[in-house]
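As the structure lists them, so they are numbered: ligands from 1, and atoms in each ligand from 1.
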Amino acid sequence: MTTAAAHAKVIVTGEHAVVYGFGAVSVPVRSLACEVSIDPSPDGLTTFLADAFPGRYLAGAAQDHPLAFLEELLAWLLTEELPKWGVLLEQRPPLTISVRSQIPIGSGLGSSAAILVAATRGLFAHFGVHPPDREIQRLAHAAEMGVHGRSSGLDVATAVSDAPLYYTTGCPARVLNVGTPFHLLVSLSGLPSFTRKVVLDIRQQRERQPERIAAVFAEIGALSRQAAVAIEQGDLAALGDLMNRNHSLLTQLGVSCPELDRLVHAGNAAGALGSKLTGAGRGGCALALVDAGRLEAVRQALLDAGATDVYDLAVASRSVPAGAPSLQTAAP
Ligand code: PMV
């Protein structure tokens, strides 16, 4: 058996604008991991399994199955990418590909990017090839374009990073040194977020109202640059303000919803330094930047405001490895 892993992410500032070339700030969530294992198939059939979905999915059986993107990834890597590394196969070997993931699906935490990174790493490793992370990132980003239609690559860059990033598509991500360690409370709204759909909707809005959307993106881009500086300088008050401003700009884009707004307002009312939605939006998660002394009060306020779960993400220059207790699941 060959096994490979990757982890979740949160976007601190800059989602959506990052798809159009502006910078964004992200933080890896190494204690929410996914693992993909690859085995030779016992029965000659290629099958896909995931702990999130019952049963096994036979290759070619259902194009709209949630794991169908893994089948496309497998076919592409076997026919086009692995041969570049000297893996030339006369026939496609039947494989069993299993996904185990702690990352909530459709929650803006980068679940599909983490699965693509882990599956790409695992498939290469299965054939004895170990490309550097930047190559895994390039391949997983190309595959993600198929899943999300258009993608900045921020999710896969963060899924291979163990430190906060300032990211702009097409440039090497800049690792951020964290001036003062801080906490983000990640609250799940319980509503699914459909990244592909929301990204497409923003693209259509941009076609209809290019000047309005360009102005919003430019503001988001500027505040992401300031957020990177605030993180490096340890200026958490400034970072909180920037998160609040980012949330109102995302609201202007129409990607918030009453459930996310409730979490944002409840967090701030309970003493968070700033709050915003994170990821594509219209569901998924909100983030609250919280001083250590206010963690319990804000966590309780988020649960009272309808969060189905709250994670405490402790952010330092190198985030804490998977399984460490810095990111805990709160009691529902
Ligand atoms: O919803 P998520 O976790 O897939 O994040 C999407 C982030 C976007 O900026 C909306 C899209 C992208 O490709 O960066």
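- At a threshold of 4.5 Å between non-hydrogen side-chain atoms, the residues L116 and L73 count as touching.
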Exercise. Under the side-chain hydrogen bond (donor to acceptor under 3.5 Å, both in side chains) rule, what do Q205 and R212 come out as? Steps first, then yes or no, please.
Key: CA-CA 9 Å; Q205 272 195 61; R212 185 179 82 82; 2.9 Å; yes

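- Atom 13 (O) of ligand 1 has S152 N, 2.8 Å as its closest protein atom, hydrogens excluded (heavy atom only).
- Between E211 and R206 there is no salt bridge, since none of the side-chain N atoms of the basic residue sits less than 4.0 Å from a carboxylate O of the acidic one.
- When hydrogens are left out, the protein atom nearest atom 9 (O) of ligand 1 is H16 N, 2.9 Å; that is the closest non-hydrogen contact.
- The atoms of ligand 1 that sit less than 4.0 Å from any heavy atom of V19 are 9 (O), 11 (C), 12 (C), 13 (O), 14 (O).
- Side-chain atoms of S37 and T3 form no donor-acceptor pair, as typed in the model, at a separation below 3.5 Å.
- The aromatic rings of F217 and Y20 sit parallel to each other, their planes meeting at less than 30°, with 60° as the upper class boundary.
- Contact atoms of ligand 1 toward S151: 13 (O) (distance under 4.0 Å to a heavy atom of the residue).
- Ligand 1 has no atom lying under 4.0 Å from any heavy atom of E144.
- Taking the six-membered ring where tryptophan is involved, the planes of W85 and F124 are perpendicular, since the angle between them exceeds 60° and thus also 30°.
- Residue contacts with ligand 1 include I11, since one of its heavy atoms falls under 4.0 Å from the ligand.
- Distances between N or O atoms of L154 and those of ligand 1 include no value under 3.5 Å.
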Quiz item: Should S256 and D261 be marked as a side-chain hydrogen bond (donor to acceptor under 3.5 Å, both in side chains) after you check the CA-CA gap, both sets of side-chain angles, and the distance that decides it?
Solution: CA-CA 7 Å; S256 193; D261 285 342; 2.7 Å; yes

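- Not one N or O of V199 is nearer than 3.5 Å to an N or O of ligand 1, by distance alone.
- Below 3.5 Å of separation, one finds no N or O of S193 facing any N or O of ligand 1.
- Considering both main-chain and side-chain atoms, R150 never comes within under 3.5 Å of ligand 1 through any nitrogen or oxygen pair.
- Protein heavy atom closest to atom 3 (O) of ligand 1, with residue, atom name and distance, is K9 NZ, 2.5 Å.
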